[in-house]
Structures are given as C-alpha cells and as structure tokens.
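Indexing begins at 1, ligand by ligand and atom by atom, following the structure's order. Just so you know, residue 1 is the first one in the sequence shown, and it goes up from there. Atom set for the values below is all heavy atoms of this structure, side chains included, hydrogens, waters and symmetry mates excluded.
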Amino acid sequence: MIDLFKRITVVRGEVDSLPEKVLAFLEHDVELCQPSFIHICDGSDEENRLMLDILMADEIIQTLPKYDNCVLAHTDPRDVARVESKTFISTQLQREAVALPKAGVKGQLGNWMSPRDLETAIQERFPGCMKGRTMYLLAYCMGPMGSPLSKFGIQVTDSAYVVACMRIMTRMGKQVLDAMGDGDFVRCLHSVGCPLPLKEPLQRNWPCNPKLTFIAHKTATNEVMSFGSGYGGNSLLGKKCFSLRIGSAIARREGWLAEHMLIVGVTNPEGVKRYLVAAFPSQCGKTNLAMLTATLPGYKVECVGDDIAWMRFDEKGQLRAINPENGFFGVCPARTSDGGVFWEGLEKDLPEGVTITSWLGEENWQPGSDHPAAHPNSRFCTPAGQCPTIDPNWEDPAGVPIDAIIFGGRRPVGIPLVYESLNWQHGVFVGATVSSEATSAAEYAGHEVMHDPFSARPFLSYNAGDYINHWLEMEMPGRRMPKIFHVNWFRRDSKGQFLWPGFGENIRVLDWILRRCSNEKDDIAEMSPIGFIPKQGSINMDGLENPVDWKKLFDLPKDFWIAEMDNIEKYLTDQINEDLPREMIKEIEDLRQRFNQF
Ligand code: TSX
Ligand code: MN
C-alpha cells in the first residue's frame with residue numbers, strides 16, 4: 001500500500017480494491033489536497049443517510065417535513081450561480097479553445113488559460129485545500145448503464161452536499177466502478193476551498209471561497225478542476241463541466257453531438273410518437289417545455305431530459321439521443337412555515353396561516369414585497385425517474401430517434417412564433433445565430449438581447465468556428481437529417497402584451513413541427529425569406545381562450561430584419577472572424593438576397 005494513505009484514515013471503502021487508474025488519480029489528488037479522511041462512495045441508501053446526517057449536523061440542510069425525503073440547503077449568498085468569468089478552457093494553443101476575435105474586439109465565446117497559467121492557478125488553490133476534511137471519491141456514469149453512448153467519470157470532492165446531489169444527478173456508486181473496470185474516465189477534482197481550521201467564519205454554514213472560485217477544463221485529457229464553489233453548476237461536475245464542455249470536445253473527436261438540449265417524445269391523437277430535441281438560452285422555460293402538459297386533447301408530451309442531449313447517428317443513418325443525466329436540477333422555491341415550498345406565482349395557493357421564509361432567512365416574507373422570496377437562481381435537485389411525465393424509453397441504451405431539432409430564444413420583436421430552416425446548412429446558421437433576452441442564471445443583469453450560439457455559449461469548450469463546422473459536417477450521404485426549426489414564445493405587441501399564450505398551448509406549435517416531419521401531403525408551410533413559415537390556419541387554434549393575432553405573430557418587418565442581419569453579421573465576424581466557416585457568410589448573403597426580393 002502506498003505510504004500516502006498510511007497518514008490518512010480511510011473511513012469508508014477500500015482504496016486497494018480500486019482500479020489501478022482510479023487509484024493513481026486518487027493518489028495524485030490526495031497528495032495535492034491533503035485531506036484528513038478518505039471515503040470511497042458506494043452509492044447506497046445507507047451512505048446517503050450518512051451524508052444527510054453530516055449535512056444536518058453541520059446545519060447546512062434542514063428537512064422539509066411536508067414532503068418525504070426532502071431537504072433544503074441555503075448557500076452563502078455569494079455562491080448562487082455559475083461564474084462564467086472564472087470558467088476556463090485550457091489547451092496548448094489558445095485558438096483550439098476560443099475563436100480569435102477581430103482586432104480590438106473582446107471575445108465572448110469562452111476564456112482560455114495556458115497550461116502554465118493553469119498550473120499556477122492550481123498551485124495557488126489546491127495544495128492543502130482539504131486539510132481537516134474528508135475527500136469523497138465517487139464513480140459515476142453519464143447516460144444509462146450499459147449504453148454505448150454513455151461515459152464514465154470519477155469525481156473527488158470535499159463536499160457531502162455534492163455527494164448527495166451527484167447521487168441524484170448521475171448513476172453513481174459501486175456498480176459503476178465494477179462496470180468501468182480499467183476503462184477510461186473523465187477526471188474531476190472539486191473542492192469548496194475551505195480547509196480546517198477556517199480562516200474566516202462561514203456565512204450560513206455554507207463552505208465556499210468566492211475570491212478564489214475557479215473552474216478549469218483540460219479538454220485534451222478529459223480533466224476538470226473546480227475550486228471554491230458548491231453551487232451545482234460549478235460543483236456537480238458531471239453536468240455542465242463533463243456532459244457539455246468535456247463532452248462536446250469528446251463528441252467532436254468521435255463524430256457526435258453533446259448539446260445543451262431537452263429531449264421529449266410527443267404522441268398525437270393518432271398514436272404516432274416522435275421525439276425532438278430543443279435548445280434555448282436561460283430563462284426561456286426549457287424545463288417547462290420538457291415537462292409540458294398539452295392543452296390539445298389526445299396529445300401527450302413525455303420527458304427524456306430537460307438539459308443535455310448526447311446524440312449520434314446510428315448505422316441506419318438515424319439520429320439517436322440519450323439524456324446523460326439521471327436527475328433534474330431546476331429553478332425553484334423558498335420555504336413555508338408548514339415545511340413546504342413556495343415560489344413566485346403560487347401566492348394564491350398558500351394555505352391559511354402559512355408564512356414564507358425568504359432565501360435570505362427573513363421570516364414572514366410577504367407576497368408583493370420589493371424583493372423575491374426565492375433567489376431567482378435557487379434550485380431543486382430530484383431524480384428523473386420521479387417525474388410524472390418521464391418517458392418510458394428515457395433509459396433506452398440505444399437512445400430515442402430524433403426527428404426535429406428546435407432552436408429558440410426570448411425575442412420580444414421581429415421573430416415569428418415558428419419557422420423551419422430551408423436545409424441542414426441553413427439550420428446550422430439558425431443555431432449559430434440564436435439570441436435571447438438576458439439571463440439571471442449567470443451573473444448578467446438587465447434585458448438586452450444577447451447572442452447565444454446553439455444556446456451553448458457558456459458551455460463552449462473549443463473554437464466556435466470549429467463548433468459550427470462540426471455541425472455542418474454532421475450532414476453525410478446515407479443520413480436522415482432531422483429538420484431544424486426556430487421558435488419564439490415571447491413575441492410582444494406594441495403595448496408589450498405577449499402575442500402567444502405559451503406554456504401548454506405550445507403543443508400546437510410542436511404539432512405543426514412534427515406534421516412537417518411526417519411527409520404529410522397537406523401543404524402547411526410556405527416559403528419566406530427566413531425559411532418556411534406556417535400557412536395561415538395551419539396551426540391548430542381550436543379551443544384557445546383568446547384568439548391570437550396571426551398577422552402580428554408571423555409578420556417579418558423588413559426594417560427589423562435588415563438591422564437583425566447587420567447585427568448577426570457583425571457578431572459572427574467580430575467574434576469568430578477568420579475561424580467563421582464560409583458557409584455562414586454564404587447564409588447571410590443568401591438571407592439578404594431573399595429579403596431583397598421580398
Ligand atoms: O416557460 C415558459 N414557456 C414555455 C412553456 C412550455 N414561460 C415562462 C418563462 C420563464 C422561465 C413562458 N412565458 C412562456 C412559455 O411558453 N410564455 C411566456 C410569456 C407569457 C406569460 C404569461 C402569459 C402568456 C405568455 N399569460 C397570459 O397569456 C394570460
Ligand atoms: Mn442548462
């Protein structure tokens with residue numbers, strides 16, 4: 001046995017029984033972080049109870065007695081979101097990681113760090129960072145166990161909160177170590193960055209280190225290093241770090257797609273079921289769409305995933321998708337005095353006499369207060385299998401067949417409810433030019449429309465020009481290319497009123513989209529400069545509470561679009577410059593041409 005472990009108490013599991021490569025990884029990180037204890041996670045219920053007991057004792061979580069097996073954690077108010085400015089991709093050459101912007105332009109498509117600077121950053125943070133704490137080692141699988149599309153990861157962390165959440169968000173435990181054998185895995189190191197004894201008192205008992213927070217990815221070697229934050233997006237490394245950033249780098253090498261997309265199955269009244277994926281920037285209600293309750297009779301929407309899709313063409317040329325995750329990490333609530341949860345909009349449903357405690361701990365928070373009860377980025381974490389509308393095929397190792405890809409954004413003006421791209425290349429252009437009113441899930445504020453190519457801007461791990469190229473290269477003879485659409489639930493009239501009721505009524509748009517994918521003989525679309533748009537009356541509007549103004553929903557104001565095209569061209573050429581595939585320049589030219597003739 002290695003000397004290193006003699007000085008450290010292994011409180012659970014046996015380091016000797018670990019696969020050789022896992023042991024080498026553990027050894028390296030033990031030497032670096034110097035924990036006092038080691039715990040090899042087995043993923044059992046008993047272990048989970050132990051994690052929750054530890055978190056209760058540390059007063060990090062409290063139970064919510066109104067529900068079974070449900071706990072609430074309040075974080076340090078400084079640790080509530082992903083931190084894009086502190087998220088880095090490290091590669092030998094800068095241009096591998098980020099596109100070279102035009103001279104004098106600040107790049108917005110990711111932060112690069114040189115291997116030397118990364119080493120310095122690591123040495124400034126990790127040595128001794130787990131002193132006095134337990135290092136947990138957890139083996140996990142992204143994707144259904146046994147699926148050829150799944151991938152393994154190992155995360156070491158000093159947070160019991162992370163262990164408990166990773167057990168929900170991934171397939172985690174001993175069965176994964178057994179299945180992995182001496183196979184490959186993504187190496188993930190996480191520390192909250194608060195060695196014991198503490199140098200500063202904790203805020204709300206939540207260990208974190210906001211000053212030194214930093215998340216780095218070595219895409220060439222499948223490694224993630226995250227320091228200083230316990231917030232899910234920064235600490236549950238299977239999700240954004242592995243499934244999107246490392247995942248898309250692997251996908252590029254291996255010829256598949258790792259995308260920031262929900263996956264749903266839609267069944268129509270004839271019983272025909274089709275699957276689609278959709279990408280939206282933050283604050284567009286992606287999880288709401290993934291868990292849609294259809295208002296049209298006879299339609300059913302079932303959820304495969306709400307955040308990430310791993311997609312590959314099979315040997316028959318059919319695109320198939322898996323959800324690499326095992327849980328949902330959704331936006332939610334504040335606590336009520338009866339041990340339940342509350343979120344903005346549920347004021348009317350509060351039982352008599354029940355009061356709300358805000359996320360900052362103020363009791364008797366009142367609806368209508370000048371600040372919200374829940375932090376706008378507060379989250380729940382729950383197993384996907386518990387979703388009432390989970391798709392029966394959600395864990396199919398082969399993945400589900402995908403017929404349509406939807407992009408979308410929150411666009412108050414100019415962009416119609418739905419349109420279909422003219423072909424694959426035009427669809428890639430539609431994805432590359434996604435924009436949306438700004439987000440609160442990251443550190444931005446305000447309401448300007450921001451570009452978010454493929455809704456993946458915060459998750460890009462290689463040059464955006466190469467990313468677009470990779471999408472273009474998906475099209476090959478013998479492949480049945482899915483149709484690509486764009487939707488906008490958020491168009492407003494001149495008085496600021498939403499033109500589309502949204503939510504469950506969006507099934508009407510999904511129905512139109514899937515009819516377009518079914519070679520239906522009915523002629524339901526017509527050509528426009530931006531692509532195919534629905535023929536008037538071709539979207540089922542039966543039973544809508546209020547009539548919709550078709551003309552305003554589908555109008556293509558020429559002045560808006562001329563400005564939009566200038567804006568798109570400037571953004572793509574400013575940001576991606578020499579690395580922009582010429583196909584995108586061609587698409588802008590063709591779009592201008594089509595508007596000229598319009
Ligand atoms: O999630 C939303 N979706 C997708 C649902 C499947 N939201 C909420 C966004 C915040 C995350 C929406 N908000 C949607 C939508 O389709 N549409 C809107 C805008 C809207 C808001 C309120 C109304 C209508 C539209 N109310 C009435 O029409 C009465
Ligand atoms: Mn997401």
E545 CD: over 12 foreign heavy atoms closer than 6.0 Å: no
Pick one of side chain, backbone, both or neither for how [X] approaches ligand 1, counting any non-hydrogen atom pair under 4.0 Å.
X: V331; answer: neither
X: R410; answer: side chain
X: W500; answer: backbone

Treating [X] as the side-chain partner and [Y] as the backbone partner, does any N or O pair qualify as donor plus acceptor under 3.5 Å?
X: R245; Y: F459; value: no
X: R491; Y: R410; value: no
X: W489; Y: F503; value: no
X: T170; Y: R167; value: no
X: H470; Y: W256; value: yes

Using 30° and 60° as the class limits, which term best fits the ring planes of [X] and [Y]: parallel, tilted or perpendicular?
X: W310; Y: F242; value: tilted
X: W359; Y: H375; value: perpendicular
X: W365; Y: F342; value: tilted
X: F214; Y: F88; value: tilted

Might you check, step by step, whether the distance between atom 4 (C) of ligand 1 and some protein heavy atom is under 4.0 Å? yes
Closer than 4.0 Å and a protein heavy atom, does any atom meet both conditions relative to atom 27 (C) of ligand 1? no
Can you report which non-hydrogen protein atom sits closest to [atom], along with the distance?
atom: atom 15 (C) of ligand 1; value: F503 N, 3.4 Å
atom: atom 1 (O) of ligand 1; value: N288 ND2, 2.7 Å
atom: atom 20 (C) of ligand 1; value: F498 CD1, 3.3 Å
atom: atom 24 (C) of ligand 1; value: P501 O, 3.5 Å
atom: atom 11 (C) of ligand 1; value: G285 N, 3.6 Å

Mark up the atoms of ligand 1 that fall under 4.0 Å of a heavy atom belonging to [X], in ascending order.
X: G502; value: 16 (O)
X: L292; value: 6 (C)
X: W489; value: 4 (C), 15 (C), 16 (O)

Counting both backbone and side chain atoms, is some N or O of Q283 under 3.5 Å from an N or O of ligand 1? no
Pi-cation contact, Y462 with R252 (under 6.0 Å, within 45°): yes
In D307, the N, O or S atom nearest to the Mn ion (ligand 2) is which? OD1
Between the Mn ion (ligand 2) and K286, is there an N, O or S atom separated by less than 2.8 Å? no
Run down the list N506, T293, N488 and name the one with the heavy atom closest to atom 6 (C) of ligand 1. N506
